[in-house]
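Working notes for the structure below.
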2 protein chains.
Amino acid sequence: MQSQNISDIIEKYLKSILADAEHVEIRRSEIADLFNVVPSQINYVIKTRFTIQNGYLVESKRGGGGYIRIEKVNLLDDADVLDTLIQVIGDSITQRDAYAVVQSLYEDEVLNRREAQLILVATDRNTLGVDDHDLENSLRARIIIGILNHLRYES
Amino acid sequence: MQSQNISDIIEKYLKSILADAEHVEIRRSEIADLFNVVPSQINYVIKTRFTIQNGYLVESKRGGGGYIRIEKVNLLDDADVLDTLIQVIGDSITQRDAYAVVQSLYEDEVLNRREAQLILVATDRNTLGVDDHDLENSLRARIIIGILNHLRYES
DNA sequence: ATAATGAAAGTCAATATTAGTCAAAGATAA
DNA sequence: TTATCTTTGACTAATATTGACTTTCATTAT
């Protein structure tokens, strides 16, 4: 019923491998062949679904023996998660990236489910309801960063 | 009582599916074709008949493989209290009044301390950081109302 | 060594495929 | 009649797909 588009299916495939392994290493053209899409669609999937906001690191190499390697990283392992995230957010963030950030915080148990939902609602496009996109994205960044900064001062 | 208009019929159709399933996931154009109406009429039906006040959550995605998904949720007992608050807030609220609203929700145990703090941070004048006071107050109203609407149901 | 070749992956913009918005026109009810 | 609800469609926005062109790297030939 769901995931009718190929990108979602490829995403699930890669994540199913990552569920059992530390990382995935693919040959772009092989995955493209496997799902009958053009190679550059793999880049699209990675760019939209395996960002650092989502908690993934991607590295690759071109030329003979080239590869794309995707690794799931745990933000809590970093010296300071919140600082890292705040840097990544900067002064503007899209709803999609915000979702990824909040999801990562939930997975790392910085936020519980209810808190994560609250933040997503507060920063939802429709909630903010401003027509200027730049303003919307900067408000979202301010709200999330405000909350992240608050989290570091409470027990 | 006869309710012979198409919007009512589409409403009944969707609700009959929801009687047996947790949620419905449709392709807008398919339903529009099925009932011989323009696609945007589906939006009209959803907007007028599947509101959160009636206990429905709606989410959608555009682009290839896009969909509209309607989910029936359980409304909580607090729902009418929330209605009252939403009315009181209207389309603008000062930081001081917002504090009072959040405080009372905390006292009524609708929110715990951490959640209350989150909301106050998200709607704080410095967090929002807009110069225009009217805009600030209306953003604050939208955020709090968005959250109150979210608190209506069990997720 | 250096140059040429081929085998990868990357970029980007055009196109395709959905859903959303809004306001005008039409229909119905009060 | 008038107010509200419904229907329609033109326009907008978001997301996905595709392919031509570019860049990088390893290997082979000179």
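We name chains A, B, ... by the order of the sequence lines, and we start the count at 1 in each one.
At most 12 non-hydrogen atoms from other residues, nucleotides or ligands lie less than 6.0 angstrom from CG of B:D91. Counting non-hydrogen atoms of neighbouring residues, nucleotides and ligands closer than 6.0 angstrom, the OH atom of B:Y99 reaches no more than 12 such neighbours. For B:N74, the CG atom sits in a loose shell: 12 or fewer heavy atoms of surrounding residues, nucleotides or ligands are nearer than 6.0 Å. The local environment of OH in B:Y13 is sparse, with at most 12 non-hydrogen atoms from other residues, nucleotides or ligands closer than 6.0 Å. Within 6.0 Å of the CD atom in A:E22, the count of heavy atoms belonging to other residues, nucleotides or ligands does not exceed 12.
Rounded to whole angstrom, the span from the CD atom of B:Q4 across to the C1' atom of C:dA27 amounts to 15 Å. With rounding to whole Å, B:R27 atom CZ is found 13 Å from D:dA16 atom P. Here C:dT18 presents its P atom at 18 Å from CD of B:E59, a figure rounded to the nearest Å. If you measure from atom CG of A:D8 to atom P of D:dT17, you get 8 Å, rounded to the nearest angstrom. Taking atom CG of residue A:D134 and atom C1' of nucleotide D:dA13, one finds them 15 Å apart after rounding to whole Å. When the P atom of D:dT17 is taken as reference, atom NZ of A:K47 falls 15 Å away, rounded to whole Å. In this structure, CZ of A:R62 is placed 9 Å from C1' of D:dC25, rounded to the nearest angstrom. Between the P atom of C:dG20 and the OH atom of B:Y67 lies a distance of 11 Å, rounded to the nearest Å.
Heavy-atom distances to DNA chain D give each of A:R125 and B:T48 a nearest nucleotide, and the one nearer the 5′ end belongs to B:T48. Comparing A:G63 and A:S7 along DNA chain D, the residue whose closest nucleotide (by nearest heavy atom) sits nearer the 5' end is A:S7.
For the pair B:K61 and D:dA16, the criterion of a side-chain N or O lying under 4.0 Å from OP1 or OP2 is met. Note on A:H133: a side-chain N or O is less than 4.0 Å away from OP1 or OP2 of D:dA14.
A donor-acceptor distance shorter than 3.5 angstrom exists from the side chain of A:R140 to the backbone of A:T123, with no hydrogens or angles considered.
Residues from residues 93-104 of chain A that place a heavy atom under 4.0 Å from any atom of DNA chain C: there are none. Interface residues of residues 30-46 of chain A facing DNA chain D, ordered by number: A:V38, A:S40, A:Q41, A:Y44; criterion, heavy-atom separation under 4.0 Å.
Taking only distance into account, the side chain of A:R28 never meets the base of C:dA8 through a donor-acceptor pair shorter than 3.5 Å.
At a cut-off of 3.5 Å, with distance as the only test, no side-chain donor of A:Y67 or A:R27 sits close to an acceptor on the other residue.
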Quiz prompt | side-chain contact (heavy atoms from CB on, under 4.5 Å) between A:S7 and A:R49, worked out | solution = CA-CA 9 Å; A:S7 291; A:R49 291 150 164 88; 3.7 Å; yes
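At the heavy-atom level, A:R49 lies under 4.0 Å from the strands shown only through sugar-phosphate atoms.
Residues B:N137 and B:S92 come closest through the heavy atom pair CB-OG, 3.1 Å.
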